[in-house]
Trainee: 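Take a look at this one; I'll ask things after.
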Amino acid sequence: MIEFVNASKTYGDVVALADFSAVVPSGTITVLMGLSGSGKTTAVRMVNKMVIPSSGAVLIDGVDIAAQNAVTLRRSIGYVMQDIGLLPHKTVLDNVALIASIAGQSRETARRNAREMLTLVGIDAASFGRFPRQLSGGQQQRVGVARALATKPNILLMDEPFGAVDPIVREDLQDELLRIQRELKLTVLFVTHDRQEALKLADQLIVLSQKGRIEQSGTPRELTKKPANAFVRKLLGV
């Protein structure tokens, strides 16, 4: 379980997130949805200490992560962005195995886990030796997800991971995520501005209007059946 307790982040006079409190239950997908600048990415990056709260706290399974080593923490959490940043000079298999090796796995274990995760996300063995430039956009995103899972994390952070692919591929990737999440029982915190994606993926949907301001949270069905206000109604297209 991930818990935000009045988490805030400021950069001088600029407020990126203010008094954000929310709980991400274990083994579920929680989607953060809102306008640009509403603090979604800041909240996600607090979980792996890529952003340090100016005040408040982030807890994982009841433990404040403030005292944890940032590198160790990041190695225990999967992270997927829209710009997946695969290393162009390394093969698909090596891109995934590298993360596991950095986390301390032996070369043999890292490559075995890499093969397992690539297979899990739908990359066939014939593509393991290819380079990122030889893959489609959708395949590259699958490799990015496999890389994030290479260390066998319990938590997966995803920040607009499918935003750069076409709608058909995006839908396929969403289906794959749902399958993988159920199979591995992952705790997923997912950021999107796409209402269809949010409603499809979320066990819990949190709608932000401003930096840390939660307009409504609940299941997609609850939000669409009874939106809290006009903002939520418009954002979800109800």
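Just so you know, these numbers use all the heavy atoms, side chains as well, and skip hydrogens, waters and symmetry mates. Positions are given from 1 along the sequence.
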Trainee: Do any N or O atoms from the side chain of Gln216 and from the backbone of Lys226 form a donor-acceptor pair under 3.5 angstrom?
Mentor: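 Side chain of Gln216 to backbone of Lys226: a pair is present.
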Trainee: Of Val58, Val44, Thr30, which meets side chain to side chain contact (heavy atoms under 4.5 Å, CB included) against Ile2?
Mentor: Val58
Trainee: Which pair of heavy atoms, one from Ala100 and one from Thr151, lies closest together, and at what distance?
Mentor: CA-CG2, 4.2 Å
Trainee: Tell me whether Val143 shares a hydrophobic cluster with Val145, the cluster being built from Ile, Leu, Val, Met, Phe, Trp, Tyr side chains joined at under 4.5 Å.
Mentor: yes
Trainee: So, applying side chain to side chain contact (heavy atoms under 4.5 Å, CB included) with Leu32, which one of Leu189, Thr192, Val207 is it?
Mentor: Leu189
Trainee: Once rounded to the nearest 0.5 Å, what's the spacing between atom CG of Asn48 and atom CD1 of Ile60?
Mentor: 8.5 Å
Trainee: Side-chain contact test, heavy atoms from C-beta onward, threshold under 4.5 Å: evaluate it for Phe131 versus Thr91 and give yes or no.
Mentor: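 When only atoms from C-beta onward are counted, Thr91 and Phe131 do touch, with a gap below 4.5 Å.
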Trainee: Other members of the hydrophobic cluster containing Val71, with the 4.5 Å side-chain heavy-atom rule, please.
Mentor: none
Trainee: Quickly, which of Met158, Met50, Arg74 forms a side chain to side chain contact (heavy atoms under 4.5 Å, CB included) with Tyr79? Name it, please.
Mentor: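 Only one option passes, and that is Met50.
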Trainee: Would you call Asp175 and Lys200 a salt bridge, taking side-chain N to carboxylate O under 4.0 Å as the test?
Mentor: yes
Trainee: Is Leu59 isolated, or which residues cluster with it under the ILVMFWY side-chain rule of less than 4.5 Å, directly or via members?
Mentor: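 Members alongside Leu59: Val5.
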Trainee: What distance separates Arg45 CZ from Leu17 CG, expressed to the nearest 0.5 Å?
Mentor: 13.0 Å
Trainee: Using a 3.5 Å distance criterion without hydrogens, assess whether the side chain of Gln204 forms a donor-acceptor pair with backbone atoms of Val24.
Mentor: no
Trainee: Less than 4.0 angstrom from a charged side-chain N to a carboxylate O is my criterion; do Glu176 and Arg179 meet it?
Mentor: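 Arg179 and Glu176: salt-bridged.
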Trainee: Could you check whether any side-chain N or O of Ser127 sits under 3.5 Å from a backbone N or O of Arg130, counting only pairs where one atom can act as donor and the other as acceptor?
Mentor: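 No, the answer is negative, given that no donor and acceptor are paired below the 3.5 Å cut-off.
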Trainee: Contact between Leu120 and Leu184 at the side-chain level, heavy atoms closer than 4.5 Å - yes or no?
Mentor: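 Yes - at least one pair of side-chain heavy atoms lies under 4.5 Å apart.
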Trainee: Report yes or no: does Thr187 contribute a side-chain atom to a donor-acceptor pair with the main-chain N or O of Ile155 at less than 3.5 Å?
Mentor: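 No, Thr187 side chain to Ile155 backbone: no donor-acceptor pair under 3.5 Å.
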Trainee: List, by chain and then residue number, the residues other than Leu98 in its hydrophobic cluster (Ile/Leu/Val/Met/Phe/Trp/Tyr, side-chain heavy atoms under 4.5 Å); write none if there are no others.
Mentor: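 Cluster partners of Leu98: Leu87, Ile102.
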Trainee: Below 4.5 Å, heavy atoms only, C-beta onward: do Phe128 and Val96 meet side chain to side chain?
Mentor: no
Trainee: Identify, with sequence neighbours excluded, every residue that meets side-chain contact (heavy atoms from CB on, under 4.5 Å) alongside Val169.
Mentor: Val165, Asp166, Leu173
Trainee: Counting neighbours of CD on Gln196 that are heavy atoms of other residues, nucleotides or ligands and sit closer than 6.0 Å, is the number greater than 12?
Mentor: no
Trainee: Working to the nearest 0.5 angstrom, can you tell me the gap between Thr28 OG1 and Gln181 CD?
Mentor: 7.0 Å
Trainee: So with a 6.0 Å cut-off around CG of Asp94, is the heavy-atom count from everything else above 12?
Mentor: yes
Trainee: Would you call Arg213 and Asp19 a salt bridge, taking side-chain N to carboxylate O under 4.0 Å as the test?
Mentor: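 Salt bridge: no.
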Trainee: List for me each residue that meets side-chain hydrogen bond (donor to acceptor under 3.5 Å, both in side chains) alongside Asp203, sequence neighbours excluded, and say none if there are none.
Mentor: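 With neighbours one apart ignored, the set is empty.
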Trainee: How far does NZ of Lys49 sit from CG of Asn69, to the nearest 0.5 angstrom?
Mentor: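 Answer rounded to 0.5 Å: 7.5 Å.
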Trainee: OG1 of Thr219 to CG of Leu199: how many Å apart, nearest 0.5 Å?
Mentor: 10.0 Å
Trainee: Any chance you could pull the hydrophobic cluster mates of Val23, using side-chain heavy atoms under 4.5 angstrom and chaining through other members?
Mentor: Met1
Trainee: Over all heavy atoms of both residues, which pair between Ser217 and Leu223 is shortest? Give the atoms and the distance, please.
Mentor: C-CD1, 3.6 Å
Trainee: Identify the heavy atoms of Gln105 and Ala110 that sit nearest to each other, and give their distance.
Mentor: OE1-CA, 3.4 Å
Trainee: Show the nearest heavy-atom pair for residues Gly144 and Val80, with the distance to one decimal.
Mentor: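 Nearest pair, atom of Gly144 first, then Val80: O-CG2, 3.9 Å.
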Trainee: Determine yes or no for a side-chain-to-main-chain donor-acceptor pair under 3.5 angstrom, with Asn95 supplying the side chain and Lys90 the backbone.
Mentor: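 The answer is yes, because a donor-acceptor pair under 3.5 Å joins these two groups.
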Trainee: Within a strict 4.5 Å, meaning less than it, do heavy atoms of the Ile84 and Gln141 side chains meet?
Mentor: yes
Trainee: Say you draw a straight line from CZ of Arg170 to CD1 of Ile168; how long is it, rounded to the nearest 0.5 Å?
Mentor: 13.5 Å
Trainee: Using modelled atom types and a 3.5 Å cut-off, is there a donor and acceptor pairing between side-chain atoms of Gln139 and backbone atoms of Ile123?
Mentor: no
Trainee: Can you see which heavy atom on Val47 is nearest to which on Ile65, and at what distance?
Mentor: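 Looking at all heavy atoms of both residues, the shortest contact is O-CD1, 3.5 Å.
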Trainee: Do Leu236 and Met33 have side chains that get closer than 4.5 Å, going by heavy atoms?
Mentor: yes
Trainee: So do the side chains of Leu177 and Leu156 get within less than 4.5 Å of each other, counting heavy atoms only?
Mentor: yes
Trainee: Report yes if the side chains of Lys9 and Lys211 come closer than 4.5 Å at any heavy-atom pair, otherwise no.
Mentor: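 No. Closest side-chain heavy atoms not under 4.5 Å.
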Trainee: Heavy-atom distance under 4.5 Å between the side chains of Leu235 and Leu35, does that happen here?
Mentor: yes
Trainee: Shortest non-hydrogen contact from Lys152 to Asn113?
Mentor: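 Heavy-atom minimum between the residues: NZ-OD1, 3.6 Å.
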